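Here the structure comes first, spelled out in structure tokens, and everything after it is commentary.
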Amino acid sequence: MNQYLRRFHECPGCGASSSETKHLFNVSLLETFCSVGQCSSCGLVYKTFVPTKEGLERIYSNEYVHFGTDTIDIADFNTAKQKLSKVRKALSGKRLPNELKLLDVGCGSGNFVRIAQNLGYQAEGIDPYLPSQLKSKYLHNKSPEDILQNSYNIAVLLNVAEHLDQPRQMFSAIRQLLKPDGVMLLTCPYGDSYARRVHQAYWGHLALDEHLLFWTPRSLTKLLHEVGFQGKVSYRIAGSPFPYGRVKSQVFTTKEAETEVQASSEYKEHKPTLQAQVWQFARAIQRQQIAANFVRSMIHLTHTGDYLEYVIKVGK
Ligand SMILES: [Zn+2]
């Protein structure tokens with residue numbers, strides 16, 4: 001192990017001893033061989049090593065990809081609208097968007113905040129690694145612990161839950177900043193997806209050093225109930241369907257092994273160009289609301305996606 005890593009001594013979700021975690025396969029994390037396991041108590045799939053403060057700073061530099069300012073596409077707009085409709089359904093009463101305060105936790109370049117404002121919400125974003133050039137009246141360099149308690153109706157965590165090195169602390173702080181009838185929406189890779197089970201170390205979401213935790217509805221609900229969320233849960237299996245989601249593995253530590261894999265016909269069939277094509281196709285579907293909703297329903301019903309869209313209320 002190097003200075004950038006430490007070991008999880010217990011399951012980061014439920015706190016069960018690491019002896020209850022079943023080894024699944026190995027991947028590479030910050031150039032170190034790392035076991036990926038599944039907790040037999042709560043079902044969370046996780047990398048058993050976690051970056052230290054130095055490791056996290058190395059990952060989330062100012063060049064970090066989610067701080068890039070890309071333009072907002074109609075596909076982003078439609079997807080955000082669909083997610084917010086789930087939140088509105090979960091919120092009690094029939095309040096207008098402009099009566100609802102929304103906080104995007106881990107806001108990156110702030111695209112979701114801009115879309116939510118456009119839809120009428122009082123939206124702001126926070127990110128503890130926000131580069132100074134992105135700071136504004138609505139985007140803050142803050143952590144959930146810095147936010148006033150009982151101040152937001154909606155907390156949104158898009159592709160954040162898989163990054164957390166201390167999920168209990170994070171979710172507890174989010175519970176505190178939400179109002180008693182508040183709602184949290186999160187999206188993250190789905191730890192029990194077919195893609196993860198079949199592709200194992202080749203699963204696309206495992207390739208990034210900053211992706212540490214792979215939640216299931218059960219592991220999320222168990223932890224969120226423990227930190228004080230008591231309300232209704234709804235979730236949907238989303239994302240790219242099986243058999244996509246496979247990329248070149250980072251598991252191989254020797255040059256010879258890597259060369260061997262790249263030369264194999266199996267690898268050639270799954271080279272990233274196919275992934276790029278699938279992604280472009282998915283974006284084209286997202287631009288058409290009716291088609292997108294149909295595909296979403298099919299993916300959920302057939303349980304073939306590798307992503308989770310999860311909504312939980314604070315109170316009953
Ligand atoms: Zn656990």
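These values consider heavy atoms only, across backbone and side chains, with no hydrogens, waters or symmetry-generated copies. Being a predicted model, the structure only gives us computed values, none of them experimental. One-based numbering along the sequence shown.
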Hey, is the main chain of [Y] close enough, under 3.5 Å, to the side chain of [X] for a donor-acceptor pair?
X    : Y    : value
N111 : I72  : no
K81  : A116 : no
T52  : Q3   : yes
N153 : G182 : no
T187 : E309 : no
E162 : F214 : no
R236 : H300 : no
K47  : H211 : yes
S18  : H9   : yes
S219 : W215 : no

Please name the pair of heavy atoms, one in [X] and one in [Y], separated by the smallest distance, quoted to 0.1 Å.
X    : Y    : value
L158 : F112 : CD1-CD1, 3.3 Å
E124 : Y152 : OE2-OH, 3.1 Å
S193 : W203 : OG-CZ2, 3.7 Å
R175 : G228 : NE-O, 3.1 Å
L164 : L212 : O-CD1, 4.2 Å

Identify each donor-acceptor pair in which a side-chain atom of residues 143-151 lies under 3.5 Å from a protein atom, sequence neighbours left out, and give them as a table.
unit_1, atom_1, unit_2, atom_2, d
E145, OE2, Q169, NE2, 3.4
D146, OD2, S143, N, 2.8
S151, OG, L148, O, 2.5

Looking at [Y] and [X], is there a salt bridge between them, counting it only when a charged N and a carboxylate O are closer than 4.0 Å?
X    : Y    : answer
D73  : R287 : yes
D76  : R114 : no
R196 : D306 : no
K53  : E57  : yes

Please step through side chain to side chain contact (heavy atoms under 4.5 Å, CB included) for the pair R6 and D165, ending with a clear verdict. CA-CA 10 Å; R6 62 184 172 85; D165 59 326; 3.9 Å; yes
When the ring planes of H205 and Y307 are compared, do they come out parallel, tilted or perpendicular, using 30° and 60° as the limits? tilted
For D181, the option from K316, R95, K313 that meets side chain to side chain donor-acceptor pair (under 3.5 Å): R95
Is it true that, when you exclude Y235 itself, more than 12 heavy atoms of the residues, nucleotides or ligands shown sit nearer than 6.0 Å to its OH? no
Can you establish whether the number of heavy atoms outside F8 located under 6.0 Å from its atom CZ is more than 12? yes
Would S234 and Y310 count as a side-chain hydrogen bond (donor to acceptor under 3.5 Å, both in side chains) here? Give the steps. CA-CA 6 Å; S234 67; Y310 181 101; over 6 Å; no
